[in-house]
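For clarity, every value in this text was computed on a predicted model and none was experimentally measured.
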Amino acid sequence: MIDNRNLILAVVLSLAILIGFQYLVVDPQQQFAEQQAAQQIPPTAGQGEIPLPGATTEPLPPGAETAAPDVSAAMSREAALEQGPRVRIETPVLSGSIALRGAQLDDLILTRYHETIADDSPKIDLLSPVKTAKPYYAYFRWSSGDRTLELPDGATLWQADSRTLTPDRPVTLTWTNSQGVRFEQVISLDEGYMFTVTQRVVNKGSATVALSPFGLIARTGHPDVLGFYILHEGLIGVFDETLEEKDYDELEESGTIQHSTTGGWLGITDKYWLVALIPDQQKAVHARFVHSAGTNPGKYQSDFLYDAVSVPPGRSLENTSRLFAGAKEVSRLDAYQEELGIVRFDRAVDFGWFYFLTKPFFYMLHYFAGKLGNFGLSILLVTVIIKLVFFPLANKSYRAMAKMKKLQPEMVRLKERFGEDKQRLNQEMMTLYKKEGANPMSGCLPIVIQIPVFFALYKVLFVTIEMRHTPFYGWIHDLSAPDPTSVLNGFGLLPWEIGDIGLLAILNIGVWPIAMGLTMVLQHRLNPQPTDPVQAKVFLMMPIVFTFLLAQFPAGLVIYWTWNNLLSIIQQMVIMKRAGVPIGRGGGSQPRHTRQPEPKKDADTSKRQDQPEVETDSNTSQGQPESEPRMDGKTSKRQRRAKAKRDGKASKRQRRSGAETDLR
């Protein structure tokens, strides 16, 4: 199997990518109803609730929130937003409001993004208020070890100096307790998704107070996740420059995960959206990921706590933290990382193991998309650039493959001659390779090089929001989604829609996956063909298998694969033509179990050179020679039977030899 080793390795590596990363899929979507907490924060230490950062397990003073009510009490989003006064949020990319009761950011809509590509599709609701089915919110407050100190909580009604928060108009929230301590929050917002919150305490009382500012993100109920192995959805953070990712299921098992860090960030991430707390990058904080189930759907929480600081009478304390709530746009995350010094903030996008390839690849695609006006054209152009970069190496490999194909007739003859002696056969094969300068492993090199590029592009198309709902030409309206056409409805020509068809969805193959499969067939015909019939059939099935596998991949990836195959076919055909190798199946090699017809000989030559063959059968005397060959160049009936018998025995030996080679 030396001559097929390159093909086998190529298939194994390709399948490792396709199956290992696409089809190792968990389907953890939950089928239970969502609940929420009526007054979520700060929760009591009772069942199902998460204590405040820095809080003890002692009962909270009057006014603290109680446990979540039954899910049947959940309100609609509109009804929940009417429960109290709010400060409106108006920016080019965000809309929503901040609840003055509790000073909670719990109403946020991404105005530039929709749920689907339909024109009337709803916009993305990122955060939701309490008392809804799926509460998701954030806030900043204070904690203290002094249980007699009145602190603002979820029931506190703050006063605002403005009814609208815009990039040009910050909002200041104030509340003063009965002990003369005034709490302030100055909230500002840029043109993007970054909130800046300055927490200030002014002690006008008669006693020193010790306070620890904190920030918190809470999400009730297990979110719907895609469940792909290559995509992280859940809790995420960078602690002391180390990225940590925890799935919801992992946090449910752990309960609480704690870190002490200086700098970094933490939060909750979806595929395209992120809500993250960003403490002062120069101060030490205590960070947590927490889950609590109790009798409710469960709550997932990210929070951080500054060290306690004493504030004497007449003095003040101020801390500035940030909250990111929006789309994970790579260029915006990079800008925040650079301008605000947020450590590894770009890792909020799951670029994966090949980060060093995926991110440059993204910027290359993004640059050319801006120049060409279409991400699909950018994919085609980048593929050509990659081909040019690796042209010398690929050219050498394709020449080696052409040489291997040219050697196939000689390799077949060696197998027929030394089929019974495997060691001698391998020695003769290696001698042949050395003599002709051929390398049986070099043919897989282009595919090995292509795999990281394939995976990098796959990650770019799959995880970056810039590819979401990005159209190509024709029927491709979203490069990050599978080809929407289907062979089941005649690629849209038949008047019916393809709904959920269960296992039959594997037959839901579009135009681009079929085109990709055809290019793989063409490539297969250009490659050296296996001499074993079973192996030949297996490799012939590979394009069909890959067609079904890639049918569910993003259309942009299938377009890349098809275009890359076409470029490879053109390059390989040119090299084969220059090397004098016939183009087509077999490449000039003989099928294993067929022989070329022997040339006819004239009567004189046959008489001089051919000797009569002797055969013993039931119709002739033992040792009696057969009749002389016919002088007209044809063989007698008995000679043809004898030749067929010899060929049959040789064929059996060859098949037995091939089987032993396969086993070895």
Any chance the side chains of [X] and [Y] put a donor and an acceptor closer than 3.5 Å?
{"X": "S97", "Y": "R86", "value": "yes"}
{"X": "D146", "Y": "T148", "value": "yes"}
{"X": "D334", "Y": "Y363", "value": "yes"}
{"X": "H291", "Y": "E253", "value": "no"}
{"X": "Q282", "Y": "D280", "value": "no"}

The reported gap from OG1 in T156 to CZ in F183 (rounded to nearest 0.5 angstrom) is 9.0 Å

Quick test of your reading of the model: are [X] and [Y] salt-bridged, counting only N-O distances below 4.0 Å?
{"X": "R219", "Y": "D270", "value": "yes"}
{"X": "D346", "Y": "K359", "value": "yes"}
{"X": "R182", "Y": "E184", "value": "yes"}

Test side-chain hydrogen bond (donor to acceptor under 3.5 Å, both in side chains), reference T269, set K328, H232, E233, output is K328

Under 30°, 30 to 60°, or over 60°: which ring-plane class applies to [X] and [Y], parallel, tilted or perpendicular?
{"X": "F455", "Y": "F354", "answer": "perpendicular"}
{"X": "F362", "Y": "H366", "answer": "tilted"}
{"X": "Y300", "Y": "H222", "answer": "perpendicular"}

For R77, the salt bridge (charged side-chain N to carboxylate O under 4.0 Å, His left out) test, sequence neighbours excluded, returns D107

**Study point:** Between Y306 and F304, ring centroids under 6.0 Å
**Key:** yes

Next on the checklist: For F214 together with F140, are the ring centres under 6.0 Å from each other?
Outcome noted: no

Point to revise | Heavy-atom check, side chain of F345 versus side chain of F324, under 4.5 Å | key: yes

Exercise for review: Would you check if R141 and L151 make a side-chain contact, meaning some heavy-atom pair closer than 4.5 Å?
Suggested key: no

Donor-acceptor pair, distance only, cut-off 3.5 Å: does the side chain of [X] make one with the backbone of [Y]?
{"X": "D478", "Y": "H469", "answer": "yes"}
{"X": "K246", "Y": "F289", "answer": "no"}
{"X": "E250", "Y": "D247", "answer": "yes"}
{"X": "S95", "Y": "T91", "answer": "no"}
{"X": "E318", "Y": "S316", "answer": "no"}
{"X": "D190", "Y": "G192", "answer": "yes"}

Tightest non-hydrogen contact, residues L479 and G376, listed as CD1-N, 3.5 Å

Correct closest heavy-atom pair for L274 and I268 would be CD1-O, 3.6 Å

